[in-house]
2 protein chains.
Amino acid sequence: MKDPAAAPRIHDVAKLAGVSVATVSRVLSNPSIVSERTRQAVEKAVEETGYTVNLMARNLRQQQVGAVLALVPNLANPFFSEILAGISGTLRAEGLSLLVLDTRQTDPGSPSRGLRAYLNRSRADGVIVLDGSLDPALFDHAACPPVVQACEWIDGLVGPRVLADNTSGARMAVEHLLGLGHRRILHLTGPSANTLSQSRAAGVAAALAAAGLPPAPRIEGAFTLKSGHAASAALLAQAELPSAVFCDNDEMAIGLMAGLRAAGLRIPEDISIVGFDNIEMSAYASVPLTTVRQKRAQLGRRAAETLLAQRSAPAPTELILPVELVVRDSTAPARDHLRVAARDRSA
Amino acid sequence: MKDPAAAPRIHDVAKLAGVSVATVSRVLSNPSIVSERTRQAVEKAVEETGYTVNLMARNLRQQQVGAVLALVPNLANPFFSEILAGISGTLRAEGLSLLVLDTRQTDPGSPSRGLRAYLNRSRADGVIVLDGSLDPALFDHAACPPVVQACEWIDGLVGPRVLADNTSGARMAVEHLLGLGHRRILHLTGPSANTLSQSRAAGVAAALAAAGLPPAPRIEGAFTLKSGHAASAALLAQAELPSAVFCDNDEMAIGLMAGLRAAGLRIPEDISIVGFDNIEMSAYASVPLTTVRQKRAQLGRRAAETLLAQRSAPAPTELILPVELVVRDSTAPARDHLRVAARDRSA
DNA sequence: TTGTACGCGTTATCAC
DNA sequence: GTGATAACGCGTACAA
C-alpha cells in the first residue's frame with residue numbers, strides 16, 4: 001500500500017492518460033509535437049492528478065540548476081536590495097530563481113571558504129557579483145559558473161561587467177560645485193581599497209584638474225550613515241572649513257548633514273553637500289540632497305540580461321550605464337563667489 | 001575521446017583511488033565509518049581530480065533541495081532586506097541556500113499564478129512568507145513545502161508565525177504621547193487591509209481607551225516615504241491640527257516630517273511625531289525620530305529557526321518578539337499640557 | 001505520432 | 001569495512 005500523500009509522478013499521469021511517460025513529458029515541454037487528441041488526454045490526466053514536474057529530476061537530466069546566484073556585500077543595505085529587485089525581475093521572466101548570498105556573513109576565519117562551495121555549476125547556472133572586495137582566485141576554477149560583475153568590480157577578474165558611470169558622475173558633481181563658485185571642496189570617500197571609491201576619485205580629480213585646481217583633501221568613510229556622521233566631527237576640527245563636500249554616497253551625505261546641522265551649520269548657506277546614488281530617502285532628508293542618480297533597478301536588469309546572454313555568446317563585454325545630476329536644495333553658490341559677484345556688479 | 005573540461009564524477013575518483021563509488025560517497029558524507037587507509041586514498045584522489053559532489057544528483061537522491069524560499073512584498077524595501085539578512089545567516093549555518101522572490105513582481109494579470117509554481121517541494125524545502133496580503137489558498141496544496149509566516153501574517157493560513165509585538169509597540173508609542181500630555185493624536189496608518197496596520201491600530205485603540213479617550217482619527221498611507229509626505233498635506237488641511245502623530249512606520253514618519261517642516265511647522269515644538277521600526281535612518285532624520293524598535297535581523301533568524309524546527313517537530317507555534325520604545329527628539333510635551341502645568345503651579 | 005530504454009550522478013540497501 | 005546495484009524522476013535518442 002502506497003503512501004496516498006506521495007506526490008504524483010510522471011508515471012502516474014501516463015497510466016491515467018493511457019500513454020507512455022515519454023508522451024507526457026513531451027506534452028509538458030514541447031506540446032506542439034504531439035497530436036491534439038493525446039495532448040488533451042494528458043492535460044486532463046495532469047489536471048486530475050495534480051501533477052507538477054519534479055525540478056530536481058529535470059535539472060539533473062538537463063544539467064542545469066534553474067537559478068542564478070547574487071553575491072552582495074551586505075544584504076541589509078538598501079542600495080543592493082534595489083539592484084536585486086532588478087535582477088529578480090529579469091530572472092523571473094526567464095523562469096529562473098534568484099539565490100542570494102551575503103559575502104560578509106561567511107565565517108570570519110576564512111571568508112572565502114564558505115563562499116567557494118557556492119561557486120559551483122551544480123548550485124547555480126550563473127553568478128552576479130556585487131562585491132568588489134572578493135579575491136579573483138575564488139572564481140578561477142573549472143566548476144565555477146559564468147560570472148558577471150555588476151556595480152562594483154574585481155581587479156584581476158576578467159569577464160563581462162555592468163557598471164554605472166562613476167567617474168562621470170563624480171566629475172559632474174564636482175563641476176556643479178565648481179560652477180557655483182566653490183573652490184574649497186572636500187571629498188568624503190568610501191574605503192580607499194574600494195573600486196567604486198577609486199573611480200569616483202578619478203572623476204573628482206579630473207574635474208579639479210580641468211579647473212586648474214589642486215586635488216581635493218579627503219576624509220575616508222565606509223559608505224554608512226554612521227561613518228558620514230563621524231566625518232562631521234573630523235571636518236569641523238579642520239583649521240579651514242571647506243565650502244562644499246562631495247560624498248561618495250547618499251548615506252554618508254545624510255549622516256554628514258545630520259552632524260553638521262547639529263553643530264549649528266546651515267546647509268546650503270554655510271556649506272554645500274552633494275551625494276551619490278539618489279536613494280529614495282535623499283529627497284526627504286533634512287535638506288533635500290543634491291546627488292547623482294544611478295538607476296539601480298536598471299543596473300540589476302542589465303546585469304541579469306548580460307548573464308543570460310553569456311549562455312549563447314560568451315564575451316567579456318563592459319557596459320557603462322549613464323548617470324545624471326539631480327540638483328536639490330543642499331547646494332548653493334559659494335559665499336566667496338557671491339561676494340566676488342557683488343563686487344563685480346558694483347564696480 | 002572525452003571532453004577534458006568535463007567535471008570529474010564520483011566514478012573518476014573511485015577509479016583513481018582504486019575503490020568503489022560507494023566508498024567515495026561514504027568518505028564524503030560519513031568519513032568515520034571508513035578505514036583510515038582508504039579514507040586517505042580517497043581524499044587524495046578527490047584532491048587530484050578536483051572533484052566536488054554534484055548537488056543536483058544528491059538532491060534528487062535525497063529528495064531535498066537545499067534551499068529555502070523567502071517571499072517578500074518588495075525586495076527594494078530596506079525593511080525586508082534586514083530580515084532577509086537574518087534569515088540568510090541562519091540558513092547558511094545549516095548549509096542551506098536562500099531563494100528570494102518578490103511577490104509584487106509577478107505578472108500583473110494573475111499575481112498568484114507565477115508564484116504558485118515556486119511553492120513546490122521540488123523548488124524549496126521550506127518557505128518563509130513576509131507578505132500578509134497573499135491568498136491563503138496559494139499554500140493549500142500537497143506539493144507546498146512547510147511554511148512559516150514572519151513579520152506579517154495571512155488570515156486563514158494556519159502554521160507557525162514569528163511576529164513582533166505590534167500591538168504592544170503601538171500601545172507604548174501612544175502611551176508615551178499621552179504621558180507627554182497629548183490628547184489630539186492622529187494615527188497615520190498603513191493600508192487598512194494590512195494585518196500589521198490592524199494590530200497596531202488595536203494597540204492605539206487600547207491605549208486611548210485606557211485613558212478614557214475616543215478613537216484616534218486616521219489618515220491611511222502605504223508605508224512609503226511618499227505616502228507619508230502626502231499625508232502632511234491632508235493633515236494641514238484639517239480644521240484642527242493634531243498635537244501629535246503616531247505613524248505605522250518610520251518611512252512614513254520621515255516623509256511626514258519633511259512635509260510638515262517644509263510647511264513651517266517645528267518638530268517637536270508644534271507637533272510631536274512617533275514612528276515604528278527604528279530603521280537606521282531614523283536616528284539621522286531631520287529631527288531624530290522617536291520610534292518603536294523592532295529587531296529585524298533577529299526576527300529573520302527566528303523565522304528561519306522556526307522553519308528548520310518544523311522538519312523534526314511540526315507545530316503551529318506563534319512566537320511574539322518584544323519591541324521597545326526609543327525616545328529621541330521628535331516628541332515633546334504638548335503645549336496645552338505645559339500651559340495646564342504652569343497654571344497648576346501658579347495656583 | 002508514439003513507445004522503449006537508457007542515462008543524468010549520487011546515495012542507500014543489501015550482501016560479502 | 002567494502003563493493004555491487006537499485007533507486008531518485010525525468011528527458012530524449014532511437015525504433016516502431
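This is a predicted model, so every value here is computed, not measured. Below, chain A is the first sequence line, B the second, and so on; all start at residue 1.
- Put simply, the side chain of A/V129 reaches to within 4.5 Å of the side chain of A/L134, judged on heavy atoms.
- Donor-acceptor pairing under 3.5 Å, judged by distance alone, is absent between the side chain of B/R61 and the base of C/dT10.
- For B/V21, taking side-chain heavy atoms from C-beta onward, the closest of the listed nucleotides D/dT5, D/dG9, D/dT2 is D/dT5.
- Taking every side-chain heavy atom of B/Q63 into account, D/dC8 is the closest of D/dG11, D/dC8, C/dT2.
- Across all strands shown, B/S122 has no heavy atoms under 4.0 Å from either base or sugar-phosphate atoms.
- Side chain of A/S20, nearest nucleotide from C/dG3, D/dT2, C/dT2: C/dG3.
- At a threshold of 4.5 Å between non-hydrogen side-chain atoms, the residues B/L75 and B/L84 count as touching.
- For B/S35, the side-chain atoms get nearest to D/dG1 when compared with the rest of D/dG11, D/dG1, C/dT10.
- Comparing atom distances between the A/A22 side chain and each of C/dC8, D/dT2, C/dT4 picks out C/dT4 as nearest.
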List, one per line, each side-chain donor-acceptor pair under 3.5 Å for residues 47-60 of chain B, sequence neighbours excluded.
from: B/E48; atom 1: OE2; to: B/K44; atom 2: NZ; distance (Å): 3.4
from: B/T49; atom 1: OG1; to: B/A45; atom 2: O; distance (Å): 2.9
from: B/T49; atom 1: OG1; to: B/V46; atom 2: O; distance (Å): 3.2
from: B/T49; atom 1: OG1; to: B/Y51; atom 2: N; distance (Å): 3.3
from: B/T52; atom 1: OG1; to: A/N120; atom 2: ND2; distance (Å): 2.9
from: B/N54; atom 1: OD1; to: B/M56; atom 2: N; distance (Å): 2.8
from: B/N54; atom 1: OD1; to: B/A57; atom 2: N; distance (Å): 3.2
from: B/N59; atom 1: ND2; to: B/L55; atom 2: O; distance (Å): 3.1
from: B/N59; atom 1: ND2; to: B/V65; atom 2: O; distance (Å): 3.1

Could you go over nucleotides 14-16 of chain C and give all protein N or O partners under 3.5 Å, atom names and distances?
none

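- The distance from atom CG of A/L55 to atom C1' of D/dG9 is 11 Å, rounded to the nearest whole Å.
- Side chains of A/T306 and A/T317 form a contact here, defined as non-hydrogen atoms less than 4.5 Å apart.
- When distances are taken from the side chain of B/V34 to each of C/dC8, D/dT5, D/dT2, the shortest belongs to D/dT2.
- The listed nucleotides are D/dG11, C/dT11, D/dT2; the one nearest the side chain of B/T23 is D/dT2.
- Nearest-nucleotide assignment on DNA chain D puts the 5′-proximal partner with B/E36, out of B/E36 and B/Q62.
- Listed by chain and residue number, B/S32 satisfy the side chain to side chain donor-acceptor pair (under 3.5 Å) test with B/N30 (two or more places apart in sequence, or in another chain).
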